[in-house]
Amino acid sequence: MNPLIERMKQGFDGLSGREQWLIALAGWAAIIAMGALLFLEPMTKTLTQISHQITQQQQSTQDLLTLNQLKQEKLSVSPSVELEQKLAQLSQQLVDLDQRMADKVEGLVNADQMASLMESVLNQSDRLSLLSMASLPAEQLTHTEDAGYFIHPIEMTLKGRYFDIVEYLTALENLPVKYYWKGLDYRVTDYPWAEVTVQVYTLGESAVFIGGASESTE
């Protein structure tokens, strides 16, 4: 046996039982701390990325509001017969604004498919409990006579362990369809159990309520 290891073993054997237990506990604590750093850091990074995306998508929603407002301002102009040229310019600007708004919503999941989409991803995991899922009232993007687009939000609350929740959020991020994040509230209720409330939304031209969402309990 290595002399250094032999001396360490002799020194350890010479300690009292209480001292040996303290050293063992300290060693296990160090191992657990290293393991937590190795696994928690990438998961925490995922949550941070999602929070950053929520901020970006809120900005995207603001862009839509600005575009829609510009469109309403253009529509409010009533050119006379003598301003045919101005009318043509305004018409082209409206076409451009419509195209820009269409680009923003291209690829978004349909409102009536949002709830079933969230549930289909959840069904792939047997380690999460769905506490509630509800379609929230549709919100008109701008309060004008021309309705334009509507925000269709859905809110769901899940219960599970940290890693399982992060795995579900990652799966949502990897969906081939597009939607927007509106809010994410994560809270530990009874360690290691936690609850997360997620709000996501899509856009549509109708105020019809999102179909398929329902209240559910554990």
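This one's a predicted model, so the numbers in the text were calculated from it and none came from an experiment.
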(Q) To the closest 0.5 Å, what do you measure between CD1 (Ile165) and CG (Leu184)? (A) 9.5 Å

Q) Checking Ser125 side chain against Leu122 main chain: does a donor-acceptor pair fall under 3.5 Å? A) no

Q | Hphob cluster co-occupancy, Val177 + Met118, side-chain heavy atoms under 4.5 angstrom | A | yes

Q) Salt-bridged, Lys159 to Glu195, with N to O below 4.0 Å? A) no

Q) Do you know the tightest heavy-atom contact between Tyr179 and Leu172? A) OH-O, 2.8 Å

Q) What distance do Arg127 atom CZ and Phe163 atom CZ have between them, rounded to the nearest 0.5 Å? A) 11.5 Å

Q) Do Lys182 and Glu155 sit within salt-bridge range, that is, some charged N less than 4.0 Å from a carboxylate O? A) no

Q | From CH2 (Trp181) to OH (Tyr201), nearest 0.5 Å | A | 12.5 Å

Q: Name all residues meeting the side chain to side chain contact (heavy atoms under 4.5 Å, CB included) criterion together with Gln92; count only those two or more places apart in sequence or in a different chain, and write none if there are none.
A: Val95, Asp96

Q: Mind listing the closest non-hydrogen atom pair of Leu203 and His152 along with its distance?
A: C-CD2, 4.3 Å

Q: Could you walk me through whether Gln199 and Ile154 pass side-chain contact (heavy atoms from CB on, under 4.5 Å), step by step?
A: CA-CA 6 Å; Gln199 282 191 9; Ile154 186 170; over 6 Å; no

Q. Any idea which heavy atoms bring Glu139 and Pro153 closest together, and the distance?
A. OE2-CG, 4.3 Å

Q: Find out whether Val196 and Thr157 are in side-chain contact, i.e. whether some heavy atom of one side chain is under 4.5 Å from a heavy atom of the other.
A: no

**Q.** Distance, nearest 0.5 Å, that separates OG of Ser116 from CE of Met133
**A.** 9.0 Å

Q. Quick one: CG on Asp126 to CG on Asp164, what's the gap to the nearest 0.5 Å?
A. 8.5 Å

Q.
Let me confirm one number: the CG-CZ distance from Leu128 to Arg161, rounded to the nearest 0.5 Å.
A. 11.0 Å

Q. Would you say Asn123's side chain and Glu119's backbone share a donor-acceptor pair under 3.5 angstrom?
A. yes

Q | Cluster overlap Tyr168 with Trp193, hydrophobic side-chain contacts below 4.5 Å | A | no

